[in-house]
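Residue numbering restarts at 1 for every chain, and letters A, B, ... go by the order of the sequence lines.
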Amino acid sequence: MVQAFVLVVNRDPAMMQIIWLSLQVSGLAILLAALGGIPLGTWLGMRPAHRVRWPALIIYTFMGLPPVLVGLLVYLLISSQGPFGVLDLLFTPAAMVIAQTMLALPIVAGLTMTAVRGKDREIRDTAVSLGANGRQVALTVIREARVAIVGAVVAGLGRALAEVGAVMMVGGNIEGQTRVMTTAIVLETRRGNFEMAIGLGMVLLALAFLINALLYRLQGVTQD
Amino acid sequence: MKTGWGKTGYLVLAVLLVLALAAGCGGTGKEHRAGEIRLATTTSTYDSGLLDAIIPVFEERHGYRVSVISVGTGAALEIGKRGDCDVLLVHSREQELELVRQGYFVDRHDVMYNDFVLVGPPADPAGIAGGRDVVAAFRQIAEAGAVFISRGDDSGTHRAELAIWRQTGIEPHGAWYRSVGQGMGDTLRIAGEMQGYTLADRGTWVAMKDRLDLKIVLEGDPVLFNQYGVMAVNPEKHPRINHQGAAALIDFMISGEGQELIARFERGGERLFVPNAHPVRQGKW
């Protein structure tokens, strides 16, 4: 195991590039997913549950979207014959960000909605009684539910970092351009380089650990 | 604002913003497309390392950058039909010729061949070893009800396997016939684990054989001949592709130098591909 790790770290600058691209793509995807998912989840969470049953059900369903299906959908949209073909996005990191955002956004929105719903009632009553307007109430609710919302972002980031089906499909796993850690693991496995694949997997886990440690601290800070 | 997000919160936000900016500076590639050639190919040419032996030489000679997208033959052909790549290197000759006739691709040439081998468990429960006739061997496997692992992914190898089953007159199905829908490496691994027979391209087999509890039970039957072809996406159908680059890559692969590089490529002391491009005039379709 340790040998596998050393193998990866010692290999070459190409490995650093793969790791860096993974971080960029998934980091940007989770940023976009949070920017869209937190407001959406908050808005839905603050409505009466019976009024938003359908959107809620759809979001919960999309939380389980198979990555390869999202990959195929995005592929068809940005393929040169697709509606967005002129943008030349296929087989670029931008396409990978789009696909991972679509995977992470329902998770962030769904878990935020649940978190807000748990907090909403009494906080809203208090805030309203203090004369807060709609936007202020929403911000108060988000603040109160922030621990769970950070959890939602962590779950979404985990999804983005770990998935392989979507980035393989829309990125193409092109060396030096769209190869990320998960697609590199698939390639090395396919080539029979199991040690290298395991080594890459360990690097991926180590990174996930570091990122989560950071977010966990953030969660801890917010609890004070 | 007293949100309590604290220093760590701003740190996280700053890191995310840096990532976003860096990704933005990376660009989406539009500006690189002029010098870029997209080659859709099968996993067998890429995973074996063959392209690593050819492409850098071509890139240096012609100043293009080649982006390799390695998928199954079925997916590669579909990507090409949609105009999402410039040039293809695949192995499903009949289908390639049909798609050229339909106007999707132009400038198709035979490039090289390798061969398929029938591999199976060392115990050889269907008693195939020593034979030379792959159709008879498939019939024996079916009759013995021995486990057979099929790629099942519409790849060139899968199509070759199905063509052999058609020749046996047997419709392969039942508990013994397991279609796994995966690439060659994965299929070989599964065959090893399940101690089943499978049809493999020699390149992937040579690359993986040391880790597998399998052996070749039959090889050398001309039916197992596996022709690779190279062809360009039709620029009249898809004007935005890099046809000049595609043509340059095709010319290189069928040139004396390209053919020599293919002939010299070895893995594990075995030569994996035999170049057989016709002279340009004769091979053109």
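Interface summary for chain B: among A:G85, A:G171, A:S80, A:G82, the most heavy-atom pairs under 4.5 angstrom belong to A:S80. Ranked by heavy-atom pairs under 4.5 Å with chain A, the first of B:S70, B:G183, B:G185, B:A207 is B:S70.
Between B:R240 and A:V86, the shortest heavy-atom distance links the atoms NH2-O, 3.4 Å. Across every non-hydrogen atom of A:Q81 and B:H238, the tightest pair is NE2-CE1, 3.2 Å.
Proximity to chain B at a heavy-atom threshold of 4.5 Å picks out A:I174, A:E175, A:Q177, A:R179 from residues 174-183 of chain A, in numerical order. Contacts from residues 48-57 of chain B to chain A, taken as heavy-atom pairs separated by less than 4.5 Å, involve B:D52 in sequence order.
For the atom pair CD1 (B:I79) and OH (A:Y75), the distance works out to 4.5 Å, reported to the nearest 0.5 Å. Distance check, rounded to the nearest 0.5 Å: CD of B:E78 to OG of A:S79 gives 9.0 Å. Atom-to-atom distance recorded for A:L90:CG and B:R38:CZ is 6.0 Å, nearest 0.5 angstrom.
Geometric assessment of B:R211 against the ring of A:F194 yields a positive cation-pi assignment under the 6.0 Å and 45° thresholds.
Proximity to chain A is absent for every atom of B:L212, based on heavy atoms less than 4.5 angstrom apart. Neither the backbone nor the side chain of A:L157 comes within less than 4.5 Å of any heavy atom of chain B.
Looking at heavy atoms from C-beta onward, A:M168 lies out of side-chain contact with B:V71 at the 4.5 angstrom threshold.
For CD of B:E266, the number of neighbouring non-hydrogen atoms (other residues, nucleotides, ligands) closer than 6.0 Å is greater than 12. In this structure, B:E60 places its CD atom where only 12 or fewer heavy-atom neighbours from other residues, nucleotides or ligands lie under 6.0 Å away.
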